[in-house]
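I have placed the structure first, in the form of structure tokens, so that the comments after it can refer back to it.
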2 protein chains.
Amino acid sequence: MNALPWDAYASGCPTRMVLDRIADKWTVLVLGLLGEHPWRFNALLRKIEGLSQKVLSQTLKRLERDGLVSRTAFATVPVTVEYAITPLGRTLAGALGALIQWSESNIESVQAAQREFDARHRAGVEAPAHP
Amino acid sequence: MNALPWDAYASGCPTRMVLDRIADKWTVLVLGLLGEHPWRFNALLRKIEGLSQKVLSQTLKRLERDGLVSRTAFATVPVTVEYAITPLGRTLAGALGALIQWSESNIESVQAAQREFDARHRAGVEAPAHP
DNA sequence: CAGCATCCTTGTCGATACTG
DNA sequence: CAGTATCGACAAGGATGCTG
């Protein structure tokens with residue numbers, strides 16, 4: 001069943017473009033929220049701390065172009081815009097949600113590894129010296 | 001079970017750092033290979049087309065520091081270095097592999113969505129005109 | 001509210017050359 | 001073989017101001 005003609009390890013393969021887009025911090029966080037329910041633009045902006053309006057705008061536009069997110073404008077005044085995940089996007093949401101879950105579950109292991117690595121490399125790289 | 005004190009949506013949260021690292025195109029591809037079996041540096045470099053030696057070096061060093069990959073040097077001549085996935089890294093490999101799988105499985109849907117989006121936006125954005 | 005346009009500062013990356 | 005070091009090009013990203 002792995003007879004697909006695509007190979008993400010080939011440089012010219014278009015899957016690279018897709019992988020580059022979905023393997024993105026902001027994409028993961030945005031799709032993580034849209035997987036729950038539709039969101040308004042400014043609601044996303046407030047929820048995802050540290051995300052600028054410019055980058056959110058770019059991210060949503062790319063996701064819409066890739067068919068992962070739908071954009072619906074309501075003719076209220078002022079205008080209301082709602083972003084929702086598409087069926088295609090939903091097939092991806094689980095995999096991305098797993099990344100968030102993994103990060104939150106394993107952050108402490110990663111931090112411990114970092115401390116050990118840093119200590120080992122501030123010491124003697126090999127065979128830690130003792131005073 | 002979601003009572004973890006971490007929240008990837010908070011800007012100061014360290015999970016952000018982890019998410020930023022693992023949600024990276026090269027990380028996904030490298031860990032995808034190391035999940036199969038250990039690899040040598042230049043073997044990875046040849047396998048992952050378009051990846052420069054500098055970026056591979058950086059990526060591997062970060063993965064090693066984060067405790068996801070182990071580096072073993074053998075005192076042959078010339079020196080031989082083998083990179084392998086750690087137990088911690090293995091808990092992540094499945095989630096990352098899913099991203100590659102999704103890319104290769106859904107690239108055509110994404111490309112179709114892009115074509116439709118572009119056509120719609122070259123036309124009149126709303127109500128496609130007909131000659 | 002939901003953006004777009006602009007400027008400008010960073011960092012990221014590729015190319016190249018050199019080391020143990 | 002397995003890297004490190006340096007440079008320059010480029011693009012991503014933040015800050016700000018303006019529009020429908």
Side-chain angles (χ1 to χ4, degrees), chain A residues 10-12 16-17 19-30 33-34 38-66 69-84 117 120-121 124-126, chain B residues 9-12 16-17 19-30 33-34 38-65 69-84 117 120-121 124-126:
Chain A
S11 65
R16 275 288 179 81
M17 201 183 57
L19 189 58
D20 206 14
R21 277 165 163 65
I22 67 178
D24 169 73
K25 178 174 57 171
W26 303 125
T27 295
V28 171
L29 293 173
V30 167
L33 290 177
L34 293 182
W39 288 73
R40 305 256 300 274
F41 184 88
N42 281 326
L44 287 171
L45 197 57
R46 278 189 299 269
K47 180 70 178 178
I48 308 176
E49 298 179 13
L51 174 57
S52 73
Q53 166 257 26
K54 175 184 172 181
V55 172
L56 175 58
S57 185
Q58 291 173 347
T59 302
L60 287 171
K61 195 168 294 182
R62 288 192 319 204
L63 289 175
E64 188 195 357
R65 179 169 182 262
D66 293 346
V69 160
S70 68
R71 177 188 185 277
T72 309
F74 298 97
T76 56
V77 49
V79 63
T80 300
V81 177
E82 199 173 76
Y83 290 91
F117 182 93
R120 186 182 299 265
H121 281 244
V125 176
E126 212 65 33
Chain B
Y9 290 95
S11 64
R16 274 286 179 83
M17 201 183 58
L19 188 58
D20 205 15
R21 276 166 165 65
I22 67 178
D24 169 73
K25 179 175 56 173
W26 302 125
T27 295
V28 171
L29 292 173
V30 167
L33 290 177
L34 293 182
W39 287 72
R40 306 256 298 275
F41 184 89
N42 280 326
L44 287 171
L45 197 57
R46 279 189 299 270
K47 180 70 178 178
I48 307 177
E49 298 179 12
L51 174 58
S52 73
Q53 162 250 45
K54 174 185 172 182
V55 172
L56 176 58
S57 183
Q58 290 175 347
T59 302
L60 287 171
K61 195 167 295 183
R62 290 192 317 205
L63 288 175
E64 188 195 358
R65 179 170 182 261
V69 160
S70 68
R71 177 187 184 278
T72 309
F74 299 95
T76 56
V77 50
V79 63
T80 299
V81 177
E82 199 173 75
Y83 290 92
F117 181 93
R120 188 183 297 268
H121 281 245
V125 176
E126 212 64 32

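Per chain, numbering begins at 1; letters A, B, ... match sequence-line order.
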In Å and rounded to the nearest 0.5 Å, what is the [atom1] to [atom2] distance from [X] to [Y]?
X: A:Leu44; Y: A:Leu33; atom1: CG; atom2: CG; value: 6.0 Å
X: A:Gln58; Y: A:Gln53; atom1: CD; atom2: CD; value: 9.5 Å
X: B:Leu56; Y: B:Leu51; atom1: CG; atom2: CG; value: 5.0 Å
X: A:Asp20; Y: B:Lys25; atom1: CG; atom2: NZ; value: 3.5 Å

(request) Look at the side chain of B:Thr59 and the backbone N and O of B:Val55, then say whether any donor-acceptor pair between them is shorter than 3.5 Å. (result)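 Checked: pair present.
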(request) Keeping the roles fixed (side chain from B:Tyr83, backbone from B:Phe41), state whether a donor-acceptor pair exists under 3.5 Å. (result)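 Checked: no pair found.
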Taking all non-hydrogen atoms of both residues, which atom of [X] and which atom of [Y] are closest, and how far apart?
X: A:Arg16; Y: B:Ile48; result: NH2-CG2, 3.8 Å
X: B:Ser11; Y: A:Gly50; result: CB-N, 4.2 Å
X: B:Ala23; Y: A:Val28; result: CB-CG2, 4.2 Å

(request) For B:Thr76, check side-chain hydrogen bond (donor to acceptor under 3.5 Å, both in side chains) against everything at least two apart and list the hits. (result)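 By the side-chain hydrogen bond (donor to acceptor under 3.5 Å, both in side chains) rule, B:Thr76 matches B:Thr80.
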(message) What verdict does the side-chain contact (heavy atoms from CB on, under 4.5 Å) test give for B:Tyr9 and A:Leu29, after you've listed the backbone C-alpha separation in whole Å, the side-chain angles of each residue and the deciding distance to 0.1 Å?
(response) CA-CA 7 Å; B:Tyr9 290 95; A:Leu29 293 173; 3.7 Å; yes
(request) Just call it for B:Val79: base, sugar-phosphate, or nothing, with non-hydrogen atoms closer than 4.0 Å on any strand. (result)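 Contact class for B:Val79: base.
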(message) Need one value for B:Tyr83: base, sugar-phosphate or nothing, where a base atom within 4.0 Å counts as base even if backbone is also close, heavy atoms only.
(response)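 Answer is sugar-phosphate: B:Tyr83 comes under 4.0 Å of backbone atoms only.
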(request) If a pair satisfies salt bridge (charged side-chain N to carboxylate O under 4.0 Å, His left out) and one of its residues is in residues 38-64 of chain B, list it, with sequence neighbours excluded. (result)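 Found none.
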(message) Using five base pairs at each end to define the local axes, how bent is the helix from C:dC1-D:dG20 to C:dG20-D:dC1, to the nearest 10°?
(response)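 Result, rounded to 10 degrees: 50°.
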(message) Working note: B:Leu34 + B:Val69, criterion side-chain contact (heavy atoms from CB on, under 4.5 Å); need CA distance, chi angles, decisive distance, verdict.
(response) CA-CA 8 Å; B:Leu34 293 182; B:Val69 160; 3.5 Å; yes
(request) On DNA chain D, reading 5' to 3', which nucleotide is the first and which the last to sit with an atom under 4.0 Å from a heavy atom of chain A, could you check? (result)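 Using the under 4.0 Å cut-off, the span is D:dG13 to D:dG20.
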(request) Provide the start and end nucleotides, 5' to 3', of the part of DNA chain C that has atoms under 4.0 Å from heavy atoms of chain B. (result)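 Using the under 4.0 Å cut-off, the span is C:dC13 to C:dG20.
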(message) Among residues 19-27 of chain A, which ones have heavy-atom contacts with DNA chain D below 4.0 Å?
(response)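 Close to the strand, none.
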(message) Pick the closest DNA chain D nucleotide for A:Val55 and for B:Asn42 by heavy atoms, then say which residue is nearer the 5' end.
(response)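 That would be B:Asn42.
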(message) On DNA chain D, does the nearest nucleotide to B:Ala43 precede the nearest nucleotide to B:Lys54 from the 5' side, or the other way round? Give the residue.
(response)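 Comparing both residues, the 5'-ward one is B:Ala43.
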